[in-house]
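Everything on this sheet refers to the single structure shown next.
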Amino acid sequence: MKALVWHGKEDIRCDTVTDPEIQDARDAIIKVTSCAICGSDLHLFHNYIPGMLPGDIMGHETMGEVVEVGSGVDGKLKKGDRIVVPFTIICGECDQCKRGNFSVCETTNRKSHLAEKAFGHSGAGLFGYTHLTGGYPGGQAEYLRVPFADATHIKVPAGIPDEQLLFLSDIFPTGWQAAVQCDIEPTDTVAIWGCGPVGQMAIRSAILLGANQVIAIDCLPERLSMAEAGGATTINFETESVLERLEELTDGRGPEKCIDCVGMESHVMASLPDTLLDRAKQMVMVESDRPHVLREMIYVCRPGGIISVAGVYSGFSDMLPMGAFMNKGLTMRTGQTHVNRWTDDLLHRIEEGQIDPSFVITHTVPLSQGPEMYQVFRDKRDSCVKVVLKP
C-alpha cells in the first residue's frame, strides 16, 4: 500500500509499504477513505518532538471502512462498518478509561517505559506519533491497523460526508475539550490564542457553550477571517497590541477564560523579545518549547480565571511567571484529548446541524501529494488552513 513515511527532519515521502495485518484478536483493519494533516504533525516534521524513526508512518486523523476484524472484537465492529478512528488508542477497561480519562489509558502504550522516563508516567498509545506513544503506524495511508478496535472507534452513519465527520478523530473534540475545561459562564469573555484548525474549533465550541464574547488572536488574514465568520472578535498580534486590545475589549478586567491553541511553537518576532530568547535557547538545546503564549495568558487573565491548554508542549519551558499565576489564583487545565468522552455529543451536534466541521478545510488532494502539502501547510502558502488527503 501507499503511505506517508517519515525519513528525517522535513523529509516526508509517499512510499510503498507492507499492508497491515491482524496481529491481535482485538485488532481491525480499515480501508482509509479520508485522512488529514494536523498541526501537531508539523512538530514531527520539524523533529521538535523526539522519538520518530525512519520508516514510521505519519498521521492520526483518519476514517474509513472496516475490511477485517479480529476474533476478539466481539461483535463491536463488523466488515463494512464506517468508523472514525480517534487519535488516542484506548482499552476501555483500565481505571483511567473507566473514569473517561482516555488519553491517559494505562494499557495501550506498548512502549510505556520510554514515556515514563520522559514524563514520569505514560499516557495512551497514539497513532503515528513517535515511539514515546507506542510507535504505532499512522493513518496517512491506504489501510490502517486499529489496535483495541472494539474500544478505539467512533461508528458513524451513512449519508454524512467524510469531511463533516473526519475531525471527530482529533481537532473537533480537542477544541471542544479546550472550551469545556474553561467552565464557561454566560458572562465570560473567552480569549483564544491561535486560529489554526484547533483554534477554529475552540472558537465555535466556546460560542456553542454560551460565552458572552470570544476573542481570537492570530496574525494570518485567512485564519482571522475564518474566526470572524465563526463569531469571534479578532486581534492581529502583528499590527495590534494584544495587551491593549484585551484591556479595551474587557473594560480593563481581562478575559475570564484563556485558551492556548498554539503550544510549543509560539511565533518569533522582534517586538516580542522573549520569543527571540526562546528561539536562541532552542538552537543551543537548553529549552525545548517557546511558551510566549502561556506567559501572555497568565499576565492578562482575570484573577480567579481559568487557563486551558490544548496546544502541544514537548518538554521544558523557561521563565513562566509562576508568581503571577499563583497570586492571581488562576487555574490551569491541560491534556491530550479524551476523544471518546465527547464524541457522542459532538456527532449528535453534527447530525442536528449545529456545526459543520468541514468549514475548516481549504485543500483536498490525493495522498500522493501529501509530502508537498506538508510544506504548503508549514509555510501557510495558498491560504492553507487544513489539508484533507484522499488515498
Show, in sequence, the C-alpha distance, side-chain angles and deciding distance for K257 and S308, and conclude whether the side chain to side chain contact (heavy atoms under 4.5 Å, CB included) test is met. CA-CA 8 Å; K257 310 294 165 62; S308 177; over 6 Å; no

Under-4.0 Å salt bridge between D162 and R82: yes

If we only count heavy atoms from C-beta on, is the D183 to R333 side-chain gap below 4.5 Å? yes

So, S225 side chain and P221 main chain: donor-acceptor pair closer than 3.5 Å or not? no

Polar side chain donor-acceptor pair, T337 to T174, under 3.5 angstrom: yes

Verify the cluster assignment for F172 and I361: are they in a single hydrophobic cluster under the rule of side-chain heavy atoms below 4.5 Å apart? yes

Between T108 and A124 (side chain of the first, backbone of the second, donor and acceptor by atom type, cut-off under 3.5 Å), is there such a pair? no

Taking side chain to side chain contact (heavy atoms under 4.5 Å, CB included) as the criterion, tell me which of D356, V156, L168 meets it with I350. L168

Using salt bridge (Lys or Arg N to Asp or Glu O under 4.0 Å), reason through R302 and E247 one step at a time and then give a plain yes or no. CA-CA 10 Å; R302 186 178 185 183; E247 284 282 298; over 6 Å; no

Taken to the nearest 0.5 Å, the spacing of R378 CZ from D41 CG works out to 14.0 Å

Determine whether V84 and F167 satisfy the following criterion, side chain to side chain contact (heavy atoms under 4.5 Å, CB included), listing intermediate values before the conclusion. CA-CA 8 Å; V84 173; F167 303 133; over 6 Å; no

Under 3.5 Å, is there a donor-acceptor pair between the H363 and D382 side chains? yes

Hey, does the side chain of E287 reach the backbone of D318 with a donor-acceptor pair shorter than 3.5 angstrom? yes

So, Q140 and Y374: side-chain donor and acceptor under 3.5 Å apart, yes or no? yes

Just by distance, no angles: are the side chains of N212 and E185 close enough, under 3.5 Å, to form a donor-acceptor pair? no

Could you tell me the separation between the CZ atom of R145 and the CD1 atom of I22, rounded to the nearest 0.5 Å? 8.0 Å

Quick one, P291 and L320 - any side-chain contact, counting heavy atoms below 4.5 Å? yes

If we ignore angles and hydrogens, is there a donor and acceptor under 3.5 Å between the side chains of Y313 and D260? yes

Is the NZ or CZ atom of K380 positioned over F377's six-membered ring, under 6.0 angstrom from the centre and within 45° of the axis? yes

Donor-acceptor pair, distance only, cut-off 3.5 Å: does the side chain of D24 make one with the backbone of R26? yes

Are the side chain of K78 and the backbone N or O of K76 linked by a donor-acceptor pair below 3.5 Å? no

Single-linkage hydrophobic cluster M332~Y299, side-chain heavy atoms < 4.5 angstrom: yes

Between the side chain of T152 and the main-chain N/O of A149, is any donor-acceptor distance below 3.5 Å? no

Is there a salt bridge (Lys or Arg N to Asp or Glu O under 4.0 Å) between K31 and E65 once you walk through the steps? CA-CA 5 Å; K31 177 179 173 59; E65 180 181 327; over 6 Å; no

Any chain of hydrophobic side-chain contacts (each under 4.5 Å) joining I306 to V300? no

Is any side-chain heavy atom of K281 less than 4.5 Å from a side-chain heavy atom of M319? yes

Can any side-chain N or O of N327 pair as donor or acceptor with the backbone N or O of G323 at less than 3.5 Å? yes

Strictly by modelled atom types, are Q177 and H338 linked by a side-chain donor-acceptor pair under 3.5 Å? no

Starting from L346, can I reach I90 by hopping between I/L/V/M/F/W/Y residues whose side chains sit under 4.5 Å apart? no

Distance-only, no hydrogens or angles: does the Q96 side chain make a donor-acceptor pair with backbone N or O of S103 under 3.5 Å? no

Salt bridge check: are D81 and K79 linked by an N-O gap of less than 4.0 Å? no

Electrostatic pair D251:R253 at N-O distance under 4.0 angstrom: no

D278 with R295: basic N within carboxylate O range, under 4.0 Å: yes

If you measure from the Lys or Arg side-chain nitrogens to the Asp or Glu carboxylate oxygens, is any gap between K2 and D15 under 4.0 Å? no

L367 versus K390: any side-chain heavy-atom pair under 4.5 Å? no

Within 45° of the axis and under 6.0 Å from the centre of the six-membered ring of F102, does NZ or CZ of R341 qualify? no

Do we see a donor-acceptor contact under 3.5 Å between the side chains of E163 and S358? no

Audit row: K9, F45, side chain to side chain contact (heavy atoms under 4.5 Å, CB included) steps and yes/no: CA-CA 6 Å; K9 182 178 179 180; F45 183 71; over 6 Å; no

Between Y48 and H43, is a ring pair (Phe, Tyr, Trp, His ring centres under 6.0 Å) present by the stated rule, with each step listed? CA-CA 5 Å; Y48 283 152; H43 302 325; 7.1 Å; no

Do the charged groups of R245 and E240 touch, with an N to O distance under 4.0 Å? yes

Evaluate E61 against F87 for side chain to side chain contact (heavy atoms under 4.5 Å, CB included), listing each step before the verdict. CA-CA 6 Å; E61 293 182 295; F87 77 94; 6.0 Å; no

Rounded distance [0.5 Å steps], SG in C94 versus CZ in R99: 10.0 Å

CA sep, side-chain torsions, deciding dist, call: K111, E116, salt bridge (Lys or Arg N to Asp or Glu O under 4.0 Å): CA-CA 9 Å; K111 298 185 178 182; E116 288 164 0; over 6 Å; no

Does a donor on one side chain sit under 3.5 Å from an acceptor on the other, for Q354 and R349? yes

Grouping I, L, V, M, F, W and Y whenever their side-chain heavy atoms are under 4.5 Å apart, do I207 and L224 come out in a common cluster? no

Give a yes or no on whether the backbone of W342 and the side-chain of D345 come within a donor-acceptor separation of less than 3.5 Å. no

In the structure I gave you, are the side-chain heavy atoms of F359 and M201 within less than 4.5 Å of one another anywhere? yes

Are L4 and P371 close enough that some pair of their side-chain heavy atoms sits under 4.5 Å apart? yes

Within the structure provided, determine whether M1 and I57 are in side-chain contact (heavy-atom separation under 4.5 Å). yes

I'd like to know if the side chain of N109 reaches the main chain of L132, judged simply by a donor and an acceptor atom lying under 3.5 Å from each other, with no hydrogens or angles considered. yes

S266 side, atom OG; L294 side, atom CG - distance, nearest 0.5 Å: 7.5 Å

Answer whether the closest heavy-atom distance between the side chains of V190 and I259 falls below 4.5 Å. yes

